[in-house]
**Q** 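The structure follows.
Numbers for residues simply follow the sequence, beginning at 1. Numbering of ligands and ligand atoms starts at 1, following listing order. Reckoned from all heavy atoms, side chains included, excluding hydrogens, waters and symmetry mates.
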Amino acid sequence: MVKVAVLISGGGTNLQALIDACAQDGFPAEILKVFSNVPDAYGLERAKKAGIDTMVINHRDFESREAFEERLHTEITASGAKLICLAGFMRILDARFVNRWKNRMLNIHPSLLPAFRGLHTQERALEAGVRFSGCTVHFVNPELDDGPIINQAVIAINPNETAEELAARVLELEHLIYPQALKLVAEGRVRVVSNKIRISNTDYADKNIINPVIE
Ligand code: GRF
């Protein structure tokens with residue numbers, strides 16, 4: 001059983017998807033603790049309802065990013081977690097922290113990386129006139145929204161769709177692929193080779209499940 005810490009800053013719907021997955025029989029990961037940098041993040045309530053330990057580490061209480069991240073690292077390590085899932089955690093983590101958790105920290109991003117790193121991804125996708133959007137789960141590298149891609153889901157953009165509508169449809173896919181990525185990693189099937197992911201024992205059907213294309 002792989003022990004996980006989840007870091008959030010907001011509503012925590014991805015956290016909820018991970019909580020629900022971990023509650024299933026035979027799921028190979030367990031969430032030990034949920035950390036938030038925002039004291040009133042609704043995701044904290046979700047964790048409490050599921051009986052999961054929570055902790056607020058408010059970045060505003062620290063005089064530097066370094067001091068904040070040092071505390072975060074200490075508390076995550078103390079929780080017993082061996083893997084971090086970032087789930088709507090809205091702080092940039094610097095290289096020192098990221099390298100301490102190299103290939104042991106996952107993030108979900110609402111675009112088909114490497115396109116549209118950063119914020120407002122669906123607005124920018126519509127602005128660019130791309131035909132497809134989606135989401136990506138990846139290991140975290142020190143650069144923003146960068147790192148080996150574990151899985152992605154693709155969605156066709158509808159004509160006249162608003163950014164909000166598109167974001168809501170992509171969010172549903174996020175809830176699908178984040179637990180799948182965590183499962184693959186927790187099963188020990190994910191290896192990083194030359195900054196790319198190799199997934200062992202993947203047959204054709206599996207590939208479709210892992211990287212769904214939604215019409
Ligand atoms: C998601 O869109 C995620 O991809 C991004 O932040 C959002 C968090 O949503 N990193 P939630 O808090 O999981 O509902």
**Q** Using a 4.0 Å heavy-atom threshold (strictly under), name the region of Met90 that reaches ligand 1: side chain, backbone, both or neither.
**A**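 Met90 to ligand 1: no contact under 4.0 Å from either part.
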**Q** Donor-acceptor check, side chain of Arg46 to backbone of Gln16, threshold 3.5 angstrom: yes or no?
**A**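 Here the side-chain-to-backbone pair does not exist.
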**Q** When only distance counts, is Ile108 in polar contact with ligand 1, meaning an N/O pair under 3.5 Å?
**A**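 Checking ligand 1 against Ile108, an N or O pair does fall under 3.5 Å apart.
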**Q** Give the residue and atom name of whichever protein heavy atom lies nearest to atom 9 (O) of ligand 1, and the separation in Å to one decimal.
**A**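 Answer, as residue, atom name and distance: Asn14 ND2, 4.0 Å.
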**Q** Looking only at protein heavy atoms, which one is nearest to atom 14 (O) of ligand 1, and what is the separation?
**A**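 Minimum-distance protein heavy atom for atom 14 (O) of ligand 1 reads Thr13 OG1, 2.5 Å.
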**Q** What is the ring orientation for His73 with Trp101, classed by angle as parallel under 30°, tilted 30 to 60°, or perpendicular over 60°?
**A**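 Answer is perpendicular, since the angle exceeds 60°.
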**Q** Do you see a donor-acceptor pair shorter than 3.5 Å between the side chains of His175 and Thr13?
**A**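 Yes, side-chain donor-acceptor contact under 3.5 Å.
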**Q** Could you check whether Glu143 pairs with Arg117 (Lys NZ or Arg NE/NH1/NH2 to Asp/Glu carboxylate O, under 4.0 Å)?
**A**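 Here Glu143 does not pair with Arg117 in a salt bridge, since their nearest N and O are not under 4.0 Å apart.
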**Q** Any atoms of ligand 1 less than 4.0 Å from a non-hydrogen atom of Glu174? List them with their elements.
**A**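 With Glu174 as reference, the close atoms of ligand 1 come out as 1 (C), 2 (O), 3 (C), 4 (O).
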**Q** Among Ser9, Gly12, Gly10, whose heavy atom sits nearest atom 12 (O) of ligand 1?
**A**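 Among Ser9, Gly12, Gly10, the closest heavy atom to atom 12 (O) of ligand 1 belongs to Gly12.
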**Q** N/O to N/O below 3.5 Å, does that happen between Asn107 and ligand 1?
**A**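 Among all N and O atoms of Asn107, none is under 3.5 Å from an N or O of ligand 1.
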**Q** Grouping I, L, V, M, F, W and Y whenever their side-chain heavy atoms are under 4.5 Å apart, do Ile157 and Leu173 come out in a common cluster?
**A**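 Yes, Ile157 connects to Leu173 through the hydrophobic network.
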**Q** Look at the side chain of Asn37 and the backbone N and O of His59, then say whether any donor-acceptor pair between them is shorter than 3.5 Å.
**A**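 Such a contact is absent between Asn37 side chain and His59 backbone.
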**Q** Find out if a path of hydrophobic residues (ILVMFWY) with successive side-chain heavy-atom gaps under 4.5 Å connects Val34 to Val140.
**A**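 No, Val34 does not connect to Val140 through the hydrophobic network.
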**Q** Out of Gly88, Pro110, Ala167, whose heavy atom is nearest to atom 6 (O) of ligand 1?
**A**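 Selected option, by shortest heavy-atom distance: Gly88.
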**Q** Pull out every atom of ligand 1 sitting under 4.0 Å from any heavy atom of Gly11, numbered as shown with elements.
**A**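 With Gly11 as reference, the close atoms of ligand 1 come out as 12 (O).
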